[in-house]
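See below for the structure under consideration.
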Amino acid sequence: MSKKLTSRAEDYSKWYNELVVKADLAENSAVRGCMVIKPYGYAIWEKMQAELDRMFKETGHQNAYFPLFVPKSLFEAEEKNAEGFAKECAVVTHYRLQNDPDNEGKLRVDPEAKLEEELVVRPTSEAIIWNTYKGWIQSYRDLPLLINQWANVVRWEMRTRLFLRTAEFLWQEGHTAHETRTEAITEAETMNNVYATFAEEFMAIPVVQGLKSESERFAGAEETYCIEALMQDGKALQAGTSHFLGQNFAKAFDVKFTNKEGKQDYVWATSWGVSTRLMGALIMTHSDDQGLVLPPNLAPNQVVIVPIYKTDEQLEQITDVVNGIMKDLRAKHITVKFDNRTTHRPGAKFAQHELQGVPLRIAIGARDLENGTVELARRDTLTKETVSLESLIEKVEGLMVEIQDSLFNKALDFRNSHITEVENFEEFKSVLKEKGGFISAHWDGTIETEDKIKEITKATIRCLPIDGELVEGVCVYSGKPSKRRVLFAKAY
RNA sequence: CGGGGUGUAGCGUAGCCCGGUUAUCGCGCCACGUUUGGGACGUGGAGGCCGCAGGUUCGAAUCCUGCCACCCCGACCA
């Protein structure tokens with residue numbers, strides 16, 4: 001393995017791919033488009049899961065689990081949803097293999113074992129879930145139904161990239177049912193807020209909350225809320241979506257309830273999800289040419305301690321001091337790892353922990369034992385300082401917060417300086433080409449204009465920002481009247 | 001799925017155009033010794049169906065065909 005990463009300036013996408021593999025987050029597998037998430041990468045995902053799961057439960061949701069397979073007849077019930085996903089579905093047609101009589105030692109699909117009805121491997125679970133909900137909901141007393149599931153889904157993508165787009169990915173999908181339109185809309189908004197809070201407070205990724213334009217909307221949704229993040233290369237990444245589904249699924253699956261007036265009505269629905277794609281967002285927001293940079297709130301190890309010693313006696317003395325430090329840090333709920341491997345030298349350990357984004361590194365050697373100090377190194381700034389043992393714990397505790405804030409603020413400054421207002425199409429094109437990032441521009445609200453802009457520039461409408469003011473103007477492309485600015489960007 | 005490119009040891013590669021001894025080099029790996037405050041050094045060693053399958057040939061990493069995977073650019077997409 002070569003020691004250095006390709007730099008971001010040299011080739012951003014190569015840098016990303018190398019980083020994912022070298023930091024031991026994930027690798028490609030023998031299965032087309034499907035990745036193996038390695039223990040270190042999975043540990044980060046588990047931290048994300050734990051926080052999100054806590055937030056879902058705090059907002060009243062419960063977890064459940066629905067099948068991987070969806071009978072084709074159920075899948076096709078909600079027309080728009082089915083149409084939207086049809087082109088990327090894996091389908092199970094048989095249930096048995098047999099020895100191949102023409103090919104010794106090989107197996108073949110048993111032609112006798114054809115399924116009566118094909119099973120679609122879920123690209124999303126609305127169909128099977130709504131078919132189930134039909135049996136769970138009779139009265140307004142059964143509502144709201146607030147369910148989340150952690151699952152894998154399969155979308156047969158043409159071009160895949162580790163974490164950003166894989167044929168199989170892990171995610172959570174919330175599926176809720178409500179009495180009223182208003183209540184469902186509030187739910188969709190609440191969950192989009194949860195995503196925004198999670199992104200900003202835990203991932204240290206600033207996001208724009210907004211609404212999708214009609215053409216970018218989820219297949220089967222009436223309204224799609226989203227959080228959009230900006231990556232270091234100036235491209236946008238849709239980091240999470242929350243959909244108001246209206247009564248589309250209730251009607252498709254005949255989910256009716258008796259309301260307080262004793263009348264039958266269809267329930268109102270939402271669905272919302274974030275995926276392992278968030279790992280990609282995390283990497284592309286903070287990391288540098290030395291490797292991964294993790295915000296303390298998501299780092300599997302927040303602190304790593306590297307001993308520097310010449311003799312076994314020295315290592316023993318250091319270990320005694322380190323045990324005390326670890327005990328004190330853990331009492332403050334700081335996760336710490338003592339890297340006392342005898343098989344690697346300090347320099348190699350430094351490099352590895354930098355590559356893997358450990359927020360703080362403590363080095364302690366004979367010199368420190370004499371002076372009652374340690375060397376403290378920050379991953380985000382790559383700065384080092386000598387700290388006395390007495391002040392260490394407090395210092396580390398403070399740095400956990402400071403690093404988290406600093407990463408967010410740095411990303412926020414970058415994002416804010418890459419939202420550019422433009423007034424005409426020439427400006428639009430030149431900003432997109434020269435600077436990248438989000439372009440705030442007036443749009444006439446038509447799909448035709450949106451398509452045309454996409455065709456010419458590859459930029460799409462990322463969202464209609466929720467906190468955006470309604471200031472009238474003229475469309476940057478058509479010159480027709482516009483009620484508000486929207487955000488355009490090239491996207492992942 | 002369309003256009004372009006690349007597949008040689010765990011990783012990065014030379015050789016391929018112009019077929020011919022035992023497939024090159026570096027990193028990594030293993031053993032021993034010396035080392036340890038930023039990716040150690042020395043000596044010795046192991047590791048290859050040259051992406052896979054078929055073909056041409058006395059002979060294929062090298063030529064031909066098909067397939068697969070990966071990368072880049074499009075289309076699609078969270």
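Residue numbers start from 1 in every chain, and the chains themselves are labelled A, B, ... in the order their sequence lines are given, proteins ahead of strands.
- Crowding of Lys72(A) atom NZ: a count of heavy atoms from other residues, nucleotides or ligands under 6.0 Å not exceeding 12.
- For the C1' atom pair drawn from U8(B) and G26(B), the interatomic distance equals 15 Å after rounding to whole Å.
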Checklist outcome for this item: Dot-bracket assigned to RNA chain B with the 3.5 Å Watson-Crick/G-U criterion, [ ] for crossing and | for other-strand pairs, is (((((((..(((.......[....))).((((((.....)))))).....(((((..]....))))))))))))....
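- Ala239(A) comes within 4.0 angstrom of nothing in the nucleic acid, heavy atoms only.
- Here the separation of G12(B) from G2(B), taken at their C1' atoms, is 31 Å to the nearest Å.
- Defined by atom type and a distance below 3.5 Å, a donor-acceptor pair is present between the side-chain atoms of His243(A) and Thr224(A).
- Using a 4.0 Å cut-off on heavy atoms, none of the residues of residues 208-219 of chain A approach RNA chain B.
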Checklist entry - So Tyr133(A) and Phe253(A), ring-ring contact (aromatic ring centres under 6.0 Å, His included) or not? Walk me through it. => result CA-CA 9 Å; Tyr133(A) 282 2; Phe253(A) 291 91; over 10 Å; no
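- Defined by atom type and a distance below 3.5 Å, a donor-acceptor pair is present between the side-chain atoms of Thr460(A) and Arg462(A).
- When the C1' atom of C70(B) is taken as reference, atom CG of Asn17(A) falls 10 Å away, rounded to whole Å.
- In this structure, CG of Asn371(A) is placed 17 Å from P of G37(B), rounded to the nearest angstrom.
- Here Thr342(A) lies out of heavy-atom contact (under 4.0 Å) with every strand.
- Between Ser13(A) and the phosphate of C71(B), there is no side-chain N or O to OP1/OP2 separation shorter than 4.0 Å.
- Of the N and O atoms on the side chains of Gln209(A) and Asn193(A), at least one donor lies less than 3.5 Å from an acceptor on the other residue.
- A donor-acceptor contact under 3.5 Å links the side chain of Arg361(A) to the base of G38(B).
- When ring centroids are compared, Phe198(A) and Tyr195(A) stay outside the 6.0 Å threshold.
- As a whole-Å value, the separation of Glu18(A) CD from C27(B) C1' is 15 Å.
- Contact annotation: side chain of Lys310(A) to base of G37(B), donor-acceptor pair absent below 3.5 Å.
- Ring centroids of Trp45(A) and Phe163(A) are separated by 6.0 Å or more, keeping the two rings apart.
- In this model, a donor atom of one side chain and an acceptor atom of the other lie less than 3.5 Å apart for Gln232(A) and Tyr12(A).
- With G37(B), G38(B), G74(B) as the choices, the nucleotide that has an atom nearest any side-chain atom of Ala351(A) turns out to be G38(B).
- The base of G38(B) is paired with the side chain of Glu354(A) by a donor and an acceptor separated by under 3.5 Å.
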